[in-house]
K.L.:
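Okay, handing you the structure first.
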Amino acid sequence: MKIADFELERYFARWEFAVRHLLCASDLEGYPLAELLALADDETRGLWQGLHLGYTESSGHPLLRAEIAGLYETLTADDVLVFSGAEEAIFCLLNVAVGPGDHVIVTWPGYQSLYEVAAAAGAVVSRHELHAADGWALDVERIRVALRPETRLVVVNAPHNPTGMLPSHAEWRALTELCAEAGIALFADEVYRYLEYDEADRLAAGADALAAGISLGVMSKSFAMAGLRIGWLASRDRALLAKCAAFKDYTTICPSAPAEILSLIGLRARSTVLERSQRIIAANLAVLDRLVADRPDVLAWVRPRAGSVAYPELTLTGRFAGWDADRFAAELVEAEGVLLLPGSRFGQSGKRVRLGFGRLDLPEAVAGLERFAAG
Ligand SMILES: Cc1ncc(COP(=O)(O)O)c(C=O)c1O
């Protein structure tokens, strides 16, 4: 299989562990292991202390699958398949769900593997482009018009990376009804679910909303445990999950045994875990709201509705006139050790950058950005 480089991941491979402040990470500040273990109940403490480091069940630990199923309204453990990260789930799902002759519609800009893997698998990919001028809104009518007889899959990431877009309940219902009527599967990348700023905005999971819905979840974002590398697909389409399970025999075979138990502890204690994540996001959003209000000379944004990222435009006036986001990010990291992610990594050259606000050092990172802008 030939596949293009994952631009964002190549950028992070260069910078993530070489800078003082990541002002563009999408994950939440990693949960401390000691604090997680303190949340274990008797059963999970026993599982952790008595763990043997052998291979695990390839579909995932039965208790973990049952706990994940509890995140959905209509699913049981057999509707869940555990992967090593959301990334592996995307790779397997797109490889088995689409191929030559198939057409896929994917929200764009977006997380590159959501469209790149589909294209590498041989499918024709249409981008459903989101526009800042519309508040990044998902346009279900445009998706309807883009459907073809050979469309097999619609891929929507919501809450959305990088824009923070979250469809309204009405838009989401319109989309799920459209897919159900047309007999097309909906792949819902919901890795930022539970980070809605107003809980009332939380959408029905794709796997609950329609029989051919496939939900993607992960421990990395809302649950703040990216280092566990545990993700999952959840769907009532068990035949599709079985094909994904067979494909996974060629990638990782089974999940990491310690990571599964730690994920189980985290999911069982999810109210505590999510409350911490939501608190971090709320505090950081207040800092960013102040930045946007006070410094229109630095950037302007469509305020995100959910998640841990936003996609503002740099103003780039005064001494920055004629610069683009790439140059600004390169000089900022040199001067202040603060990393922004230029839109070019999403295939959009110009003035946009992705901001990430899930980390505890955000106030220091913003101070560095302001110093550089004032400099
Ligand atoms: C929208 C989206 N989907 C999937 C992933 C992959 O998650 P993970 O790296 O935890 O596998 C990411 C990571 O940034 C993401 O932003």
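From a predicted model like this one, the values you see are computed outputs, not experimental measurements. Indexing begins at 1, ligand by ligand and atom by atom, following the structure's order.
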K.L.:
Side chains of Asp326 and Ser344: is there a donor and an acceptor less than 3.5 Å apart?
P.N.:
yes
K.L.:
For Gly85, take its heavy atoms, then give the atoms of ligand 1 lying under 4.0 Å from any of them.
P.N.:
11 (O)
K.L.:
Cut-off 3.5 Å, side chains only: do Ser126 and His103 have a donor facing an acceptor?
P.N.:
yes
K.L.:
Which residue and non-hydrogen atom of the protein lie closest to atom 1 (C) of ligand 1, and at what distance in Å?
P.N.:
Asp189 OD2, 3.2 Å
K.L.:
Looking at atom 14 (O) of ligand 1, what's its closest protein heavy atom, distance included?
P.N.:
Lys221 NZ, 2.7 Å
K.L.:
If I apply the N/O under 3.5 Å rule, does Ala86 come out as touching ligand 1?
P.N.:
yes
K.L.:
Quick one: does Glu88's side chain have a donor or acceptor within less than 3.5 Å of a partner on Thr252's backbone?
P.N.:
yes
K.L.:
So which heavy atom in the protein is nearest atom 6 (C) of ligand 1, and how far is it from that ligand atom?
P.N.:
Tyr111 OH, 3.5 Å
K.L.:
Should the pair Glu7-Arg10 be classified as a salt bridge under the 4.0 Å nitrogen-to-oxygen rule?
P.N.:
no
K.L.:
To the nearest 0.1 Å, how far is atom 10 (O) of ligand 1 from its closest protein heavy atom, and which atom is that?
P.N.:
Ser220 OG, 2.5 Å
K.L.:
Show me which atoms of ligand 1 lie under 4.0 Å from any heavy atom of Ser26.
P.N.:
14 (O)
K.L.:
Would you call Glu43 and Arg268 a salt bridge, taking side-chain N to carboxylate O under 4.0 Å as the test?
P.N.:
yes
K.L.:
Which is it for Ile90 and ligand 1 at heavy atoms under 4.0 Å: side chain, backbone, both or neither?
P.N.:
side chain
K.L.:
We want to know whether Asp208 and Thr74 form a side-chain donor-acceptor pair, criterion being a heavy-atom distance below 3.5 angstrom.
P.N.:
yes
K.L.:
Could you identify the single nearest non-hydrogen protein atom to atom 9 (O) of ligand 1 and state the distance to 0.1 Å?
P.N.:
Arg229 NH2, 3.4 Å
K.L.:
Does Ser84 offer a backbone N or O that forms a donor-acceptor pair with the side chain of Arg229 under 3.5 Å?
P.N.:
no
K.L.:
Which ligand 1 atoms does Tyr192 reach within 4.0 Å, using its non-hydrogen atoms?
P.N.:
1 (C), 14 (O), 15 (C), 16 (O)
K.L.:
Would you check the N or O atoms of Asn157, main chain and side chain alike, for any that come under 3.5 Å of an N or O of ligand 1?
P.N.:
no
K.L.:
Check each atom of ligand 1 against the heavy atoms of Val218 and keep those under 4.0 Å away; list them by number with element.
P.N.:
10 (O)
K.L.:
Looking at Ser308 and Ser26, would you say the former's side chain and the latter's main chain have a donor-acceptor pair under 3.5 Å?
P.N.:
yes
